[in-house]
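Below is one structure, written out as structure tokens; the observations come after it.
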Amino acid sequence: ATLAPALGLTALQRGEQWPAASIAGQAHYPAHIPLPLVSPIDCAGHGELLPAGPAETELALATAQQAFTQWRLVPAPQRGELVRRIGDRVRTHKHELAALITLEAGKIISEAEGEVQEWIDICDFAVGLSRQLCGLTMASERAQHRLQEQWHPLGVVGVISAFNFPVAVWAWNAMLALVCGNSVVWKPSEKTPLCALAATRLVQDVVAGFDAAPAGLLGLLQGGTEAGRQLAADRRVALLSATGSVRMGRAVAQTVAARLGRSLLELGGNNAAIVTPSADLDLALRGIVFGAAGTCGQRCTTLRRLIVHESVADALLARLQAAYASLRIGDPRLPDTLIGPLIDHAALQQMQLALTAAEAQGGTVRQGGGGITQGVPNTGAYVAPALVSMPAQTAIVHEETFAPILYILRYRDLDEAIAMQNAVSQGLSSAIFSNDVREVEQFIGPAGSDCGLANVNAGTSGAEIGGAFGGEKDTGGGRESGSDAWRAYMRRATNTINYGSTLPLAQGVKF
Ligand code: NAD
């Protein structure tokens, strides 16, 4: 109730979509089944969500398509000015938005604020980009000819996002899409619709005050799997950017491919860190604990496998156990809490099943793993992060269980460790802790880590927005955020310009 006015939410409307005019009456919704909204903090209900159906999807896409035809003609630096103003507005609402992320996703305050900071950072990055959407000029083989490429706006960008980054993933996509001249339709996770509504309200105010920006530039479609399917299937979506599980990515990629559309996939990870004999164990310890237990194991980049040289394994495990015992687990709204709840009790059940499977496959739970009910809002799904020694990389270790389980494996030589790391089907994030330049170069070289992110003396999670973010293999191959990720949001046109008075043909063809 205190958050809502600060974010411009006069009421938490049932299933509000954008454009709002479409739902002034609830007439579109009679057949839709409401989804309950609960906070992972205490499982208390705070409303319900009416998912979008075909009528809302149609309206959102038609509006976005119309907005695109206008927005693509606005010069890119002016588009950047809109994003600059969005960034300014987000700065003034950082704490309120972070509180909403804590409420819906259960993140501790500093991580929730970090997520909003990612939105602010990507705004700054996108503003700079708006003057650097550069193509190349190539040497033509023909006299009085010029060969160049241009990058043009692409169309409507559909964004499907996961619960664990309820704002940042959309922001990465939407801020780049905007400077690239596109409109956006967002289908957030059905577990975090209020974050999406608040973020959309914030940008809508800015769009409304910016003359060159058409009203339907940033649309919002609430709902679950079905709403996502509708977005993926629609030919008007020029790029579908989907973040979530591998299962979701497989379904969406096939739908988009069937209409020969473009998709950008950011799917699950099963991230590993290798600790070599030369590692600085103090530094490694911090990186491992934050990576494995932080966000209650619910980041795509969460550290799930620790591959430790046998000479340092016992010492490291003892220090990890001590560090895990000191973690403050509980209500994420309290300033001292380091580990909040899992998103729901289904996630807790998945964690228990994984631990049972690990034990059946020869593993030993060294620390944690149980549910916690004392000293926490006792209706939430709170757990003690688990450390599990495994004799080998068994079937359960190949799976991404979205909970704080760290499997610990031992190795003898680095080739074996790298092979173990690369043996899983996912390829998102990886790390090596080593002070040996040969080991480091082998790890980041062409026969080293096969992941999209390969870090040295830094953990697997907590990427900066300046680099291209994403992973290989089952993680989907997409890249978002920094570097040249903007290219995915534009189409390339190659121009051959003849400024002479004859028409020589390429390759010397005579005709
Ligand atoms: P999820 O796959 O259950 O849901 C993600 C989104 O996809 C939601 O909006 C959901 O409604 C939608 N969806 C689900 N099935 C769909 C379908 N068949 N068609 C269309 N849309 C569908 O994932 P989650 O539980 O919200 O998030 C956790 C997962 O997301 C983990 O696997 C995690 O690794 C991954 N993730 C990846 C990244 C990354 O950048 N690689 C970032 C965050 C999360």
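Being a predicted model, the structure only gives us computed values, none of them experimental. Whatever order the structure lists ligands and atoms in, that order sets their numbers, starting from 1.
- Side-chain N or O atoms of Arg236 include none that pairs as donor or acceptor with a backbone N or O of Ala64 at under 3.5 Å.
- One finds the OG atom of Ser245 at 11.5 Å from the CG atom of Asp474 (value rounded to the nearest 0.5 Å).
- Without hydrogens or angle criteria, Glu115 side chain to Ala98 main chain gives no donor-acceptor distance under 3.5 Å.
- With respect to atom 13 (N) of ligand 1, the closest heavy atom belonging to the protein is Met248 CG, 3.4 Å.
- The residue from Ile405, Leu406, Ile274, Val424 that alone fulfils the side chain to side chain contact (heavy atoms under 4.5 Å, CB included) condition with Arg305 is Val424.
- Under 4.0 angstrom from ligand 1, the non-hydrogen atoms of Cys300 come from both its backbone and its side chain.
- Under a 3.5 Å cut-off, the side chain of Glu104 and the backbone N or O of Ser39 do not form any donor-acceptor pair.
- Counting protein heavy atoms only, atom 35 (C) of ligand 1 is closest to Gly244 O, 3.2 Å.
- Summary of contacts: the protein heavy atom closest to atom 24 (P) of ligand 1 is Phe163 CD2, 3.7 Å.
- At least one heavy atom of Gly224 sits less than 4.0 Å from an atom of ligand 1.
- Nearest to atom 43 (C) of ligand 1 among the protein's heavy atoms is Asn164 OD1, 3.2 Å.
- When Leu265, Thr225, Val159 are checked for heavy-atom proximity to atom 17 (C) of ligand 1, Thr225 turns out nearest.
- Side-chain atoms of Trp71 come within 3.5 Å of backbone N or O of Leu178 as a donor-acceptor pair.
- Ala162 CB, 3.3 Å is the protein heavy atom nearest to atom 27 (O) of ligand 1.
- Nearest non-hydrogen protein atom to atom 21 (N) of ligand 1 is Gly228 CA, 3.7 Å.
- Compare Gly268, Ser189, Gly269, Ser161 by their heavy atoms: the one nearest to atom 6 (C) of ligand 1 is in Ser161.
- Protein heavy atom at the shortest distance from atom 5 (C) of ligand 1 is Thr243 O, 3.6 Å.
- With a 4.0 Å cut-off on non-hydrogen atoms, Val169 does not touch ligand 1 at all.
- Formation of a donor-acceptor pair under 3.5 Å by the Arg259 side chain with backbone atoms of Ala232 is found in this model.
- Close approach of ligand 1 to Ala251 is summarised as follows: ligand atoms under 4.0 Å from at least one heavy atom of the residue are 18 (N).
- A side-chain donor from one of Ser389 and Arg366 sits under 3.5 Å from a side-chain acceptor of the other.
- Side-chain N/O atoms of Asp121 and Gln117 include a donor and acceptor closer than 3.5 Å.
- Using modelled atom types, one finds no donor on one side chain facing an acceptor on the other under 3.5 Å when comparing Asn271 with Thr460.
- Residue-level proximity to ligand 1 for Glu400 is carried by the side chain, the only part with a heavy atom below 4.0 angstrom.
- The part of Ile160 lying near ligand 1 is the side chain, judged by heavy-atom distances below 4.0 Å.
- Residue Glu190 places at least one N or O, backbone or side chain, under 3.5 Å from an N or O of ligand 1.
- Counting only non-hydrogen atoms, the option in Phe402, Trp186, Phe469 that gets closest to atom 28 (C) of ligand 1 is Phe402.
- Residue, atom and distance of the protein heavy atom nearest to atom 23 (O) of ligand 1 are Ser245 N, 3.6 Å.
- Residue contacts with ligand 1, taken as heavy atom pairs separated by less than 4.0 Å, involve Val252 solely via side-chain atoms from C-beta onward.
- Residue nearest to atom 41 (N) of ligand 1, selected from Leu267, Thr401, Leu453: Leu267 (by heavy-atom distance).
- Using a 4.0 Å cut-off between a side-chain N of Lys or Arg and a carboxylate O of Asp or Glu, Glu190 and Lys187 qualify as a salt bridge.
- The main-chain N or O of His398 is found under 3.5 Å from a side-chain atom of Gln426 such that the two form a donor-acceptor pair.
- Counting heavy atoms under 4.0 Å from ligand 1, residue Pro188 touches it through the backbone alone.
- Below 30°, between 30° and 60°, or above 60°: for Trp119 and Trp170 the angle between ring planes is above 60°, a perpendicular geometry.
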